[in-house]
Amino acid sequence: MAADAASDAAGANGRLSFDVIVLGAGIMGSCAAHAAASRGASVLLLERFDLLHHLGSSHGESRTIRDAYAKAYYPPMVRLARRLWSDAQADAGYRVLTPTPQLCIGPRSNASFLAAVRNGGEEEADIEKRWGGVFRVPDGWVTAVSELGGGVLSATKAVAMFQTLAIKKGAVVRDNTEVVRIVKKEGEDGVRVVTSKGEEFHGAKCVVTVGAWASKLVKSVAGVELPIQPVHKLTQYWKIKPGHEHELTVEAGFPTFSSYGKPFVYSTPSLEFPGLIKINDDGGSPCDPDSRDWGSEAGFAAAAERVARWIQEFMPGHVETAGGPVFRQACMCAMTPEKDFIIDFLGGEFGEDVVLGAGFSCHGFKMGPAVGMILAEMAIDGEARSAVEAGVELQHFRINRFEGNPAGNTNED
């Protein structure tokens, strides 16, 4: 190894060989590193950019957690994650998850909405009585609430928490370290991970959680085409009309909510920015993660207009739309065709030595601790026992679902 590479390797505490090497230190990779280190494995977590950077999918002020999913195989994973969020908070000594009620709004004719309400254990509720005058719901629409089904996650703080807990368990964390190759050498167990600086680390197992860069890395490493489309999105914060600021806060019992229609709109209570409320739709623009158009005003204007129209129809007395959102933040999601995750062994020459977690499609953050545990167990044990015990059906997340079927799983959330 060259002298400069050897010097850089000292950042891994001088070690060159680990039980598990995790690539990508967003929420999934940080949780996987923590889960593996908690099992007593020696762990190296490598991040291409600065830790807690704003270039991917895991940064920002907040994410929602909800049990309400039209696809029945997600609520068990959310519930497993909720337990693991609680365990991690107890270990860290501080909170990153604020529980809230969860409200779903949708047309009675919308099958996905009705399935989400059923799977989330929600019950029809009179929201006029509960949140008097905040929402104006169209005729033929249903409102359903779960008292404990929602919550707000402090995103960047949560990623930092799992990184810190991983380090406390003995994991080594390196940022500004781009992995360019994963190599399976003949006659050698495990894999070699090669960085852009020429460093080589040996891992008995490797977990790949590189977000929007997954398709590029997997193609370059294994020649496998993953149907993952990176999408540039904008988080939007809107001004609450004067006199209504307290009504829309967590302290007042305001919910996280989802509106099933066109567009699909979701929101968190006013929390991180007093006087503002986050309201977004699920739209976005396809992008290349290495050459994003950060200043696409046309795309921003279209997204803001969609949400503004929704606000004017559903919350006109409480949220101001004139002038557009007060604050916006860019985010990037890695979308699969049907918005289902990819959690599987890479296979091929790598067999079960490389485990892939990718394509979390803008709704994976809440399940980060569960996904991390599953990936770590797959790497260490060859199977995810915690998922089985929690009733999580992993067959929906296999890579081979796309063989001869580019759309993957056919059901839609």
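No experiment lies behind these values; they were computed from the predicted model shown.
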Check Arg385 with Glu389, please: is the shortest side-chain N to carboxylate O separation under 4.0 Å? no
Could you grab the distance from atom [atom1] of [X] to atom [atom2] of [Y], nearest 0.5 Å is fine?
X	Y	atom1	atom2	answer
Asn280	Phe264	CG	CZ	11.0 Å
Ser146	Asp67	OG	CG	6.0 Å
Leu276	Glu320	CG	CD	12.0 Å
Ile240	Glu245	CD1	CD	6.5 Å
Glu47	Glu178	CD	CD	10.5 Å
Leu103	Glu122	CG	CD	7.5 Å

Count the heavy atoms of every other residue, nucleotide or ligand shown that sit under 6.0 Å from [atom1] of [X], and state whether that count exceeds 12.
X	atom1	value
Glu123	CD	no
Lys216	NZ	yes
Lys233	NZ	yes

Flag side-chain contact, heavy atom, 4.5 Å: [X] against [Y]:
X	Y	result
Gln395	Tyr73	no
Glu200	Val193	no
His59	His53	no
Ile182	Leu23	yes
Val354	Val191	yes
Val78	Ile65	yes
Phe365	Val159	yes
Ile311	Ile279	yes

Trace of the side chain to side chain contact (heavy atoms under 4.5 Å, CB included) decision for Trp213 with Arg48: CA-CA 10 Å; Trp213 288 267; Arg48 175 180 179 179; 2.9 Å; yes
So Phe254 and Trp131, would you call those rings parallel, tilted or perpendicular, with 30° and 60° as cut-offs? perpendicular
Any idea how His363 and Tyr74 line up, ring-wise: parallel (<30°), tilted (30 to 60°), or perpendicular (>60°)? perpendicular
Considering all heavy atoms of both residues, which atom of [X] and which atom of [Y] are nearest to each other, and what is their separation?
X	Y	value
Leu226	Ala214	CD1-O, 4.3 Å
Val152	Pro269	CG2-CD, 3.7 Å
Phe113	Ile105	CE1-C, 3.5 Å
Ile228	Ala358	CD1-CB, 3.7 Å
Gly26	Ser58	CA-OG, 3.6 Å
Ala81	Lys366	CB-O, 3.4 Å

Could you give me the CA-CA distance, side-chain angles and deciding distance for Glu338 and Lys71, then say whether salt bridge (charged side-chain N to carboxylate O under 4.0 Å, His left out) is met? CA-CA 11 Å; Glu338 78 294 60; Lys71 295 177 180 178; 5.9 Å; no
Evaluate the side chain to side chain contact (heavy atoms under 4.5 Å, CB included) criterion for residues Gln163 and Leu52: first the C-alpha distance (whole Å), next the side-chain angles of each, then the deciding distance (0.1 Å), finally the verdict. CA-CA 10 Å; Gln163 291 173 0; Leu52 309 180; 3.9 Å; yes
Please name all residues satisfying ring-ring contact (aromatic ring centres under 6.0 Å, His included) with His202, sequence neighbours left out, ordered by chain then number. none
So, the side chain of [X] versus the backbone of [Y]: is there a donor-acceptor pair under 3.5 Å, distance only?
X	Y	answer
Asp340	Phe397	no
Ser267	Lys278	yes
Asp126	Lys129	yes
Gln89	Val96	yes
Thr195	Lys197	yes
Thr209	Gly357	no
Ser196	Val180	no
Arg401	Arg398	yes
Ser361	Thr336	yes
Arg66	Ala68	yes

Between the side chains of [X] and [Y], does any donor sit under 3.5 Å from an acceptor?
X	Y	result
Glu272	Tyr237	yes
Trp238	Thr321	no
Arg83	Ser86	no
His318	His244	yes

Against Phe257, only a single residue in Tyr266, Phe314, Phe135 fulfils ring pair (Phe, Tyr, Trp, His ring centres under 6.0 Å); can you say which? Phe135
Test side-chain hydrogen bond (donor to acceptor under 3.5 Å, both in side chains) on Glu251 and His246; report intermediate values, then the result. CA-CA 8 Å; Glu251 292 77 14; His246 180 69; 5.6 Å; no
Evaluate the criterion side-chain hydrogen bond (donor to acceptor under 3.5 Å, both in side chains) for residue pair Trp141 and Asn110; output intermediate values, then yes/no. CA-CA 9 Å; Trp141 282 48; Asn110 187 312; over 6 Å; no
With Arg328 as the cation and Phe300 as the aromatic partner, state whether NZ or CZ is under 6.0 Å from the six-membered ring centre and within 45° of the axis. yes
Salt bridge (Lys or Arg N to Asp or Glu O under 4.0 Å): pairs with one or both residues in residues 134-158, sequence neighbours excluded: Arg130-Glu147
Residue pairs involving residues 91-107 (criterion salt bridge (Lys or Arg N to Asp or Glu O under 4.0 Å); sequence neighbours excluded): none
Test log, rule side-chain hydrogen bond (donor to acceptor under 3.5 Å, both in side chains), inputs Gln102 and Thr100: CA-CA 6 Å; Gln102 165 67 22; Thr100 71; 5.7 Å; no
Candidate pair Ser57 and Phe360, rule side chain to side chain contact (heavy atoms under 4.5 Å, CB included), full reasoning: CA-CA 9 Å; Ser57 308; Phe360 294 101; over 6 Å; no
Would His34 and Met373 count as a side chain to side chain contact (heavy atoms under 4.5 Å, CB included) here? Give the steps. CA-CA 8 Å; His34 170 253; Met373 176 175 282; over 6 Å; no
